[in-house]
Q: 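Once you've had a glance at the structure underneath, I'll fire off some questions.
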Protein chains: 2
Amino acid sequence: MKFMRPLFHPAIEDIRPEAILYALSDPERVAIFTQLAAGCGVTCSALADLGERTIPKSSLSNHFKVLRESGLIRSERQGVEMRNQSRCAELDERFPGLIEAILTAYRQRPGQPKAD
Amino acid sequence: MKFMRPLFHPAIEDIRPEAILYALSDPERVAIFTQLAAGCGVTCSALADLGERTIPKSSLSNHFKVLRESGLIRSERQGVEMRNQSRCAELDERFPGLIEAILTAYRQRPGQPKAD
DNA sequence: TCAATAGTTCCGAATTTCCGAACTAAGGAA
DNA sequence: TTCCTTAGTTCGGAAATTCGGAACTATTGA
């Protein structure tokens with residue numbers, strides 16, 4: 001029988017920009033990450049229905065894995081469930097302004113002309 | 001016989017962050033875009049060998065298409081060749097700080113601890 | 001008209017993503 | 001202990017994407 005692999009987290013200095021951009025090029029993952037960055041909804045299943053559809057368990061699990069292995073979040077088992085937290089602070093040290101700019105871009109979403 | 005489709009460029013307000021992040025999650029495309037953003041090497045083939053390998057023509061063409069349709073660059077035929085330019089200025093209006101932060105992140109590339 | 005150059009399109013192979021089903025892992029309850 | 005439940009992971013196959021060589025288009029110049 002197969003055992004679950006322990007969760008992998010890259011060291012801050014091993015985090016690569018392409019992995020971050022790739023992870024955040026998926027709107028579902030962005031939605032998840034946004035929640036985590038805001039400090040809410042820390043478990044996996046708590047984030048199952050964000051947009052119009054309910055994300056299947058296995059897809060959700062995969063999203064978390066992508067976020068984790070890209071270095072965007074940290075996950076840790078706590079009893080039956082999983083505590084997830086964003087690594088925003090560390091990330092901002094390594095890539096100043098990056099996460100902020102990305103989340104801001106997504107917030108601006110639909111073709112809104114800038115209010116100036 | 002098939003005709004070539006005219007080049008598509010999204011209007012500035014139709015540019016979506018996910019497309020930008022996806023386009024720039026590929027190091028080869030980032031290398032191309034970086035050159036364009038710096039104002040150099042405007043044709044396709046001029047950018048064929050950026051890293052260790054020579055990028056095949058069809059792949060290059062596809063990279064440019066992805067960059068173009070995500071809204072990162074503007075391409076225009078000029079005689080036999082293609083003039084490409086980044087849409088940095090427009091983009092920075094729409095998504096302030098985004099492109100800058102991304103290119104800075106890539107510049108910082110290998111596991112360099114911040115010099116402070 | 002023909003040749004050369006620059007880039008695009010086609011299409012098959014290889015890779016990646018998606019998600020249902022089966023599984024693991026931990027916490028109760030009896 | 002054994003069974004149940006809940007939370008999430010892994011497996012595996014179908015669907016979608018990506019990659020790149022070969023053929024094609026478009027333009028210039030001889």
Q: The side chain of Lys57(A) is closest to which nucleotide in this list: dG8(D), dG20(D), dA6(C)?
A: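 That would be dG8(D).
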
Q: Measure from CZ on Arg68(B) to P on dT8(C) and round the result to the nearest Å.
A: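 Whole-Å distance recorded here is 6 Å.
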
Q: Using salt bridge (charged side-chain N to carboxylate O under 4.0 Å, His left out), reason through Glu90(B) and Arg74(B) one step at a time and then give a plain yes or no.
A: CA-CA 11 Å; Glu90(B) 293 173 78; Arg74(B) 210 178 273 287; 3.1 Å; yes

Q: Please determine whether any donor N or O and acceptor N or O are separated by less than 3.5 Å between the side chain of Ser61(A) and the base of dG8(D).
A: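 No, the side chain and the base share no sub-3.5 Å donor-acceptor pair.
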
Q: Could you give the CZ-to-P distance, from Arg83(B) to dT27(D), as a whole number of Å?
A: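 Atom-to-atom, Arg83(B) to dT27(D), this comes out as 16 Å.
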
Q: Rounded to the nearest Å, what distance is computed from the CG atom of residue Leu7(A) to the P atom of nucleotide dT9(D)?
A: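 Atom CG in Leu7(A) sits about 7 Å away from atom P in dT9(D).
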
Q: In whole angstrom, give the distance that lies between atom NZ of Lys65(B) and atom C1' of dT9(C).
A: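 Value for this atom pair: 9 Å.
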
Q: Nearest-Å distance, CE (Met82(A)) to C1' (dT6(D))?
A: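 The distance from CE of Met82(A) to C1' of dT6(D) comes to 14 Å, rounded to the nearest Å.
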
Q: Send over the distance from Glu69(B) CD to dT17(D) P, rounded to a whole Å.
A: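 Rounded to the whole Å, the gap is 14 Å.
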
Q: Report yes if the side chains of Leu98(A) and Leu91(A) come closer than 4.5 Å at any heavy-atom pair, otherwise no.
A: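 Not in contact.
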
Q: Looking at Ser59(B), I'd like to know whether one of its side-chain N or O atoms comes within less than 4.0 Å of OP1 or OP2 on dG20(D).
A: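 True: Ser59(B) side-chain N/O within range (under 4.0 Å) of dG20(D) OP1/OP2.
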
Q: Looking at dT10(D), dG27(C), dA6(C), which one has an atom nearest to any side-chain atom of Glu81(B)?
A: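 Nucleotide nearest to Glu81(B)'s side chain: dA6(C).
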
Q: With the side chain of Tyr22(A) defined as its heavy atoms from C-beta on, choose the nearest nucleotide among dG21(D), dT17(C), dA25(C).
A: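 Looking only at heavy atoms from C-beta outward on Tyr22(A), the closest nucleotide is dT17(C).
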
Q: Nearest to the side chain of Ser58(A) - dA7(D), dC19(C), dC19(D)?
A: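 From the listed options, dC19(C) comes nearest.
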
Q: What is the separation between atom CD on Gln78(B) and atom C1' on dG29(D), rounded to the nearest whole Å?
A: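 Those two atoms, CD and C1', are 17 Å apart.
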
Q: Round to a whole Å and report the spacing from CG of Asn62(A) to C1' of dG20(C).
A: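 So the two atoms are 14 Å apart, to the nearest Å.
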
Q: Do we get Arg16(A) above Tyr106(B)'s six-membered ring, with its NZ or CZ under 6.0 Å from the centre and within 45° of the axis?
A: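 Negative - Arg16(A) is either too far from the ring of Tyr106(B) or too far off its axis.
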
Q: Show the nearest heavy-atom pair for residues Ala23(A) and Val66(A), with the distance to one decimal.
A: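 Looks like CB-CG1, 3.8 Å.
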
Q: Do any side-chain nitrogens or oxygens of Arg77(B) fall under 4.0 Å of OP1 or OP2 in dT25(D)?
A: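 Checking Arg77(B) against dT25(D): no side-chain N or O falls below 4.0 Å of OP1 or OP2.
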
Q: Please report the C-alpha distance between Arg29(A) and Glu18(B) in whole Å, then the side-chain angles of each, then the deciding distance to 0.1 Å, and finally whether the salt bridge (charged side-chain N to carboxylate O under 4.0 Å, His left out) criterion is met.
A: CA-CA 11 Å; Arg29(A) 279 193 293 264; Glu18(B) 53 266 48; over 6 Å; no

Q: On DNA chain C, does the nearest nucleotide to Gly79(A) precede the nearest nucleotide to His63(A) from the 5' side, or the other way round? Give the residue.
A: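 The 5'-side residue here is His63(A).
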
